[in-house]
Amino acid sequence: MIGHLAYAAGSPCPTFVLDAGRLPREEEALLTHLAQARRYLVSAGGAHVLKIALIEPSAHPMFDLDYRFVQALPGAPDRFDVRGSCGHSVLAAVLAASRSGMLPRLVPGARIRVRVRNNGDSVVCEAEHVERDRAGFTVTFVQPSPVPFADLLPYGRPRTVLAAGGERVEVSLVASANTYAFVDARTLGVPDQAALFRAGTELLERLEAIRGAAADLLGWPRDGAFPKIAAVLPGVDGPIAARAVTVPGWHPSIALTGAVCLGSAVRIPGTVPWRIAREAGTDDGLVGITTPGGRTAVTAVTSAAGAACGQGALLWATVAHKHVTFQGSFALTPLSHLQFEEVAQCLALSGAA
């Protein structure tokens, strides 16, 4: 079986892309195969590769590619979370599918329609530019029909208070692309963007405790990867500054799904991001997000945006100028000495990305 590595700029690690058609359909057998593949990666220096994309041509006439995300968890090669998705990995999968021949060669203007099997999302990846091993995309998360704001709030309200680590913290739980808990960093004693970006282990641990309390509320395992969490406040050089947590620590920027979820939350009256955006004078149209890794922007298009929470609906959300680099392909089993060196070379590239 052939594996591929591709890295989307802003992601904490490359994505390991596999052909789902060559893997078991039954989940227990599938995860057993993935655990073995992870052992090969670890042996070649790829312990940092924690994102896996399973892809195949879609049988659905509305889509080009079926995609399933598997989040590998630290600690052991057989620990996984299949509950959520990853936008950066969607882009890595599209580029790998094109390079491997599963999809036609990408050209500028090509639109690849991806069906996310984890959660039913529909993602359109439009190629902005294409080079030999790199491509730039505009990514749009499209709703087949308008999604009422109320359906984007898994706990049924724009804000809720969680008890975590001996403190009570107000968060907004929002489910768009992925489920996130958004907390105003100022309620945690972080006054501004500079303080948020230089914060270390203490804030990370507090956010992890809040994330665990959110998982409890949703009935999800605490030791999984979902829900995600991000601390937000008014930015200095953009409306919103954000610091997000990933597996296994601080995210270098913000997940693509995190940008989509944050952009959606800005449009839902009463949420923490909605309040911060209004404070910054930006609660409509393009929303700039500043992170420690740079800036991005998202546009979430809704109906009845100014209406009460139960009356508006999400139509789509778009993030532009996302860049992906293809880093190589290799045979997984059995690993000959030559193949081992090939994997190691790919992983060395990925570690430098």
Side-chain angles (χ1 to χ4, degrees), residues 4 6 8 10-21 23 25 27 30-31 34 50-72 80-98 100 102-103 106 110-127 135 137-147 151-152 154 174-180 218 220 224-228 246-247 254-265 298 300-301 314-320 322 324:
H4 313 280
S11 177
C13 70
T15 294
F16 181 37
V17 185
L18 296 170
D19 184 343
L23 291 167
R25 300 293 180 179
E27 186 163 301
L30 170 64
L31 296 183
L34 294 184
L50 298 176
K51 296 181 181 295
I52 301 173
L54 309 179
I55 61 171
E56 60 187 327
S58 182
H60 194 293
M62 293 290 292
F63 297 94
D64 302 297
L65 194 69
D66 278 358
Y67 158 94
R68 187 182 184 194
F69 178 64
V70 180
Q71 175 70 61
F80 301 101
D81 194 329
V82 297
R83 190 178 301 274
S85 181
C86 175
H88 285 128
S89 291
V90 168
L91 294 178
V94 167
L95 185 57
S98 173
S100 67
M102 184 178 289
L103 292 175
L106 285 173
R111 291 182 176 180
I112 306 302
R113 303 161 300 171
V114 180
R115 177 169 60 163
V116 181
R117 302 311 300 264
N118 303 71
N119 58 15
D121 274 354
S122 303
V123 183
V124 179
C125 305
E126 181 175 357
F137 293 93
T138 292
V139 189
T140 302
F141 286 69
V142 181
Q143 305 302 326
S145 59
V147 181
D151 292 351
L152 300 176
V174 181
S176 178
N178 268 328
T179 300
Y180 267 77
L218 297 171
W220 297 355
F226 304 96
K228 300 291 189 178
T246 187
V247 176
I254 189 170
L256 178 52
T257 56
V260 168
C261 193
L262 181 54
S264 301
V298 57
V301 178
L314 176 65
L315 304 179
W316 67 81
T318 298
V319 180
K322 302 300 296 184
V324 190

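Distance check, rounded to the nearest 0.5 Å: CD of E56 to CZ of R115 gives 9.0 Å. Remark: L34 CG to L18 CG distance equals 6.5 Å, nearest 0.5 Å. Atom OG in S100 sits 7.5 Å away from atom CG in D19 (nearest 0.5 Å). With values rounded to the nearest 0.5 angstrom, L50 atom CG is found 12.5 Å from F16 atom CZ. Note that the CD atom of Q71 and the OG1 atom of T246 stand 6.0 Å from one another [nearest 0.5 Å]. Once rounded to the nearest 0.5 Å, the distance linking NZ of K322 with CG of L256 reads 5.5 Å.
When atom types are taken as modelled, the side chain of S11 and the backbone of C13 share a donor-acceptor pair closer than 3.5 angstrom. Remark: side-chain polar atoms of N119 are not paired, donor with acceptor, to backbone N or O of G84 under 3.5 angstrom. Formation of a donor-acceptor pair under 3.5 Å by the D81 side chain with backbone atoms of G224 is not found in this model. A donor-acceptor pair is defined here as one N or O able to donate and one able to accept, closer than 3.5 Å; no such pair exists between the side chain of D121 and the backbone of V116. Remark: the backbone N or O of V82 is paired with a side-chain donor or acceptor of N118 at under 3.5 angstrom.
Here the closest heavy-atom approach between residue V70 and residue F80 is recorded as CG1-CD2, 3.5 Å. Closest heavy-atom contact between L95 and L106: CD1-CD1, 4.0 Å. Smallest separation of non-hydrogen atoms from V324 and A6: CG1-CB, 4.3 Å. Nearest approach of A53 to T15, heavy atoms of both residues: CB-CG2, 3.7 Å. Nearest heavy atom pair, residue K51 against residue P14, reads CB-O, 3.9 Å. In terms of heavy-atom proximity, S122 sits nearest to P144 at OG-CG, 4.2 Å.
Using a 4.5 Å heavy-atom threshold, the side chains of V298 and L262 count as separate. Looking at heavy atoms from C-beta onward, L23 lies in side-chain contact with L54 at the 4.5 angstrom threshold. Inter-residue side-chain proximity for T179 and V174 is flagged as unmet; no heavy-atom pair is nearer than 4.5 Å. A 4.5 Å side-chain heavy-atom check between R111 and V124 finds at least one atom pair inside the cut-off.
The local environment of CH2 in W316 is sparse, with at most 12 non-hydrogen atoms from other residues, nucleotides or ligands closer than 6.0 Å.
Between H60 and F63, the angle of the ring planes goes over 60°, which puts this pair in the perpendicular group of the 30/60° scheme.
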message = Could you walk me through whether F141 and S176 satisfy the side chain to side chain contact (heavy atoms under 4.5 Å, CB included) test, starting with their C-alpha distance in whole Å, then the side-chain angles of each, then the deciding distance to 0.1 Å, before giving a yes or no?
response = CA-CA 9 Å; F141 286 69; S176 178; over 6 Å; no

request  = Show your working on side chain to side chain contact (heavy atoms under 4.5 Å, CB included) between V260 and V319 and close with a plain yes or no.
outcome  = CA-CA 7 Å; V260 168; V319 180; 4.1 Å; yes

ask   = What's the verdict on side chain to side chain contact (heavy atoms under 4.5 Å, CB included) for D64 and S58, showing C-alpha distance, side-chain angles and the deciding distance?
value = CA-CA 5 Å; D64 302 297; S58 182; 6.0 Å; no

inquiry  = I'd like to know whether C261 forms a side chain to side chain contact (heavy atoms under 4.5 Å, CB included) with N178, so could you lay out the CA-CA distance, the side-chain angles of the two residues, the decisive distance to 0.1 Å, and finally the verdict.
reply    = CA-CA 7 Å; C261 193; N178 268 328; 5.9 Å; no

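Under the side chain to side chain contact (heavy atoms under 4.5 Å, CB included) rule, Y67 has a single partner from V123, V114, V94, which is V114. For the side chain to side chain contact (heavy atoms under 4.5 Å, CB included) criterion with I55, the lone passing option out of L103, V17, D66 is V17.
Between the side chains of T257 and S85, no donor-acceptor pair of N or O atoms lies under 3.5 Å.
In this structure, F226 has no ring pair (Phe, Tyr, Trp, His ring centres under 6.0 Å) partners at least two apart in sequence or on a different chain.
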